[in-house]
Amino acid sequence: MIRFHKPRLRQLRVVALATTGLLVASALVAPASNAQTVPQAAPAPALTNTIPGVDEIVSSPNLRQIANVPKVAPLDATNSDIAFQGKYAFAGNYNGFVIYDISRPSAPTVKARVLCPGSQNDISVHGDLLFLSTDSSRSDDSCNSTTQGADVKGSWEGIKVFDIKDKANPRYIKSVETACGSHTHTLVPGKDRKAIYLYVSSYSPRAEFPDCQPPHDSISIIKVPVKKPTDAAVVATPNLFPDGGFPGSQTGSATTGCHDITAYPSKDLAAGACMGDGILLDIKNREAPRVINRVRDEVNFAFWHSATFNNSGTKVIFTDELGGGGAATCNETVGPNRGADAIYDIAGRGDARTMTFRSYYKIPRANADTENCVAHNGSLIPVLGKDIMVQAWYQGGISVFDFTDSANPKEIAFWERGPLSADTFVGGGTWSAYYYNGHIYSNDMVKGLDVLELNDWRTWSAKLTRYQELNVQTQPSYLGW
């Protein structure tokens, strides 16, 4: 979700599109010296009009809901991202986080609710540690903090660390302040396993913010010693755009930092979605990631939001969060190529690797003008021999699609809950939809945790893969052929 500013107060909110012309960019640019032109996508078929009634559920026959756990006070703010470990799911909320016992996916139970306000509360877990991103300016680093302007030097934003050895009683043990806060973070295991690293993404500097000064072309890297996490500290702030990022346009966001990074640690590779740029990173040296290729989309992308690799690391999907997650963009007016995924093939080896645009993917259903709908968080489904992904589209619901042929992605399953209102625009829908150990888990911003079951001959082999821990932006590999 895109973060915007109010005068003298930095905070996250969603906004509606000012005009239907708010799009962004797409002339593929590896460094400026070898810019390419993005091929025009083939005309898409007409959108299917399957708009359900308020709160009505529609789906393909192969995808069904098996559970829902509504959110309750005090964690009744916006739900955000999810992480997994063993029989637990850890779900972020702008007011804190919830730990669910999902040993029975059809009947999840709440193990703990932790009140700790600080949007977005992007979340990850590692062993007995849980990490939360705070990207709203706070009076201090405690869980009792209040909102305070980012123009105040004493204000705080960054990473909070919890001990979750006792899942019923998490303990807050450490905070690390980072420049411009932490909109999202990505957990990257150290090579020696003695430490883990957090790649902290943040953006939107302003001259009046003492801890978020322009230019802000960097990320913050926090090193966390596994045996002594209270020694966690920022160890590097690499500049990813020394020559400046995308300067912005009428339709596209300027690059002033990154929104999200997905790491593929076993391949020493990462992909950064950085507002106006998509980048490929070599992360062999965990404390000194290097940009090895960069692309832009100056025709159709408004805001580079997130990334997902295929299992072999030969493709990467970038998402465009057109309208910041607060607009109705899944309709014929906006069309099939904006607010969509862009699929790139990765060719070459080492520093010679390049990304080449192949196609766009967007859900093939029209949504109501009262529904926010745009590409958002998803994960790879570990299917042998295929590239298949599940993805959240806010009130557009959940889509499962096959991008094995990167030029011709096809939806194979969907699930959608009807609009929150038939006549008034109301924001909501699924923030994250991830596949974990046989089921799809969705954190709906308003409706709570949904659990879905996918039964399709094309995805049966995914049930053979079991993870002990899953942070989706720390992409694991699985057995393939």
Side-chain angles (χ1 to χ4, degrees), residues 3 10 12 80-81 83 90 92 94 96-97 114 116-148 150 152-165 170-190 193-205 209-213 216-240 257-261 263 270 272 283 286-289 471 473-474:
R3 178 188 63 194
R10 201 151 60 86
L12 183 100
S80 58
D81 214 3
F90 305 81
Y94 278 38
F97 64 94
V114 177
C116 195
S119 63
Q120 299 180 140
N121 278 335
D122 192 55
I123 195 165
S124 67
V125 293
H126 181 83
D128 291 336
L129 301 175
L130 180 147
F131 304 96
L132 281 183
S133 284
T134 300
D135 193 38
S136 59
S137 187
R138 312 296 297 179
S139 57
D140 56 52
D141 64 350
S142 75
C143 286
N144 298 313
S145 67
T146 57
T147 299
Q148 182 169 283
V152 178
K153 176 61 180 173
S155 295
W156 184 91
E157 296 177 81
I159 292 287
K160 298 184 178 101
V161 185
F162 289 79
D163 184 315
I164 55 168
K165 185 174 183 178
R171 294 186 302 110
Y172 182 20
I173 60 172
K174 176 69 176 179
S175 71
V176 181
E177 188 171 14
T178 55
C180 299
S182 175
H183 192 70
T184 64
H185 69 269
T186 302
L187 191 151
V188 184
R193 302 291 173 174
K194 293 180 180 179
I196 54 176
Y197 293 90
L198 303 180
Y199 288 6
V200 176
S201 295
S202 57
Y203 55 93
S204 294
F209 296 160
D211 297 322
C212 186
Q213 291 285 297
H216 180 66
D217 296 321
S218 60
I219 60 172
S220 297
I221 299 179
I222 297 174
K223 184 177 182 179
V224 184
V226 172
K227 292 186 176 181
K228 199 172 183 183
T230 52
D231 284 351
V234 174
V235 293
T237 54
N239 187 347
L240 303 181
C258 290
H259 179 275
D260 209 347
I261 292 171
I283 60 169
R286 301 293 198 244
E287 296 184 16
N471 301 292
Q473 288 75 36
T474 309

Novice: Would a 4.5 Å heavy-atom cut-off, applied to side chains only, mark Leu187 and Leu198 as touching?
Specialist: yes
Novice: Is Asp122 reaching over with its side chain to a backbone N or O of His185, donor-acceptor style, under 3.5 angstrom?
Specialist: yes
Novice: Hey, is Asp163 close enough to Arg171 for a salt bridge, meaning N to O under 4.0 Å?
Specialist: yes
Novice: Should the pair Phe162 and Tyr172 be assigned to parallel (<30°), tilted (30 to 60°) or perpendicular (>60°) ring geometry?
Specialist: parallel
Novice: With rounding to the nearest 0.5 angstrom, report the OH to OG distance, Tyr199 to Ser220.
Specialist: 12.5 Å
Novice: Can you check whether Glu287 reaches Lys223 side chain to side chain, under 4.5 Å on heavy atoms?
Specialist: yes
Novice: For Pro117 and Cys143, which heavy atoms make the closest approach, and how far apart are they?
Specialist: CD-O, 3.4 Å
Novice: So which atom in Ser175 and which in Trp156 form the shortest heavy-atom distance, rounded to 0.1 Å?
Specialist: CB-CZ2, 3.7 Å
Novice: Please examine the side chains of Ser124 and Phe90, heavy atoms only from C-beta on, and report whether any two atoms are closer than 4.5 Å.
Specialist: no
Novice: Tell me whether Asp128 contacts the main-chain N or O of Ile164 through its side chain, where contact means a donor paired with an acceptor under 3.5 Å.
Specialist: no
Novice: Side chains of Ile159 and Leu132, heavy atoms from C-beta outward: is any pair under 4.5 Å?
Specialist: no
Novice: For Pro189 and Ile196, which heavy atoms make the closest approach, and how far apart are they?
Specialist: CA-CG2, 4.1 Å
Novice: Does the side chain to side chain contact (heavy atoms under 4.5 Å, CB included) test come out yes or no for Arg286 and Val188, once each step is laid out?
Specialist: CA-CA 8 Å; Arg286 301 293 198 244; Val188 184; 3.3 Å; yes
Novice: Quick check: does any side chain N or O of Arg138 sit under 3.5 Å from a backbone N or O of Ser145, one acting as donor and the other as acceptor?
Specialist: yes
Novice: For Val200 and Gly181, which heavy atoms make the closest approach, and how far apart are they?
Specialist: CG1-O, 3.7 Å
Novice: Quick one: pull up OG in Ser80 and CG in Asn121 and give me the separation to the nearest 0.5 Å.
Specialist: 6.0 Å
Novice: Looking at His259, is its backbone amide N or carbonyl O close enough to the side chain of Thr184 to form a donor-acceptor pair, meaning the two atoms are under 3.5 Å apart?
Specialist: yes
Novice: Establish, from distance only, whether the side-chain atoms of Ser182 and Ser133 form a donor-acceptor pair under 3.5 Å.
Specialist: yes
Novice: May I ask you to check whether Ser202 and His183 show a side-chain donor-acceptor distance below 3.5 Å?
Specialist: no
Novice: Give, for atom CD of Glu177 and atom OG1 of Thr134, the distance between the pair rounded to the nearest 0.5 Å.
Specialist: 10.5 Å
Novice: Can you give me the closest heavy-atom contact between Gln148 and Gly154, atom names plus distance?
Specialist: NE2-C, 4.0 Å
Novice: Side chains of Phe131 and Ile222: does their closest heavy-atom pair fall under 4.5 Å?
Specialist: no
Novice: Would you call Ser139 and Val152 a side-chain contact if the rule is heavy atoms closer than 4.5 Å?
Specialist: no
Novice: Does the side chain to side chain contact (heavy atoms under 4.5 Å, CB included) test come out yes or no for Val224 and Val161, once each step is laid out?
Specialist: CA-CA 10 Å; Val224 184; Val161 185; 5.6 Å; no
Novice: Is a salt bridge present between Asp141 and Lys160, judged by a nitrogen-to-oxygen distance below 4.0 Å?
Specialist: no
Novice: Any chance you could lay out the side chain to side chain contact (heavy atoms under 4.5 Å, CB included) test for Asn471 and Val125, step after step, and finish with the verdict?
Specialist: CA-CA 7 Å; Asn471 301 292; Val125 293; 3.7 Å; yes
Novice: Could you report the tightest heavy-atom contact between Ser155 and Ser137, atom names first, then the distance?
Specialist: CB-OG, 3.2 Å
Novice: Is any side-chain heavy atom of Leu240 closer than 4.5 Å to one of Cys258?
Specialist: yes
Novice: Partners of Thr237 by side-chain hydrogen bond (donor to acceptor under 3.5 Å, both in side chains), sequence neighbours excluded?
Specialist: none
Novice: Looking at side-chain heavy atoms only, is the closest gap between Tyr197 and Thr186 below 4.5 Å?
Specialist: no
Novice: Do Asp140 and Ser142 get their side chains close enough for a donor-acceptor pair, meaning under 3.5 Å?
Specialist: yes
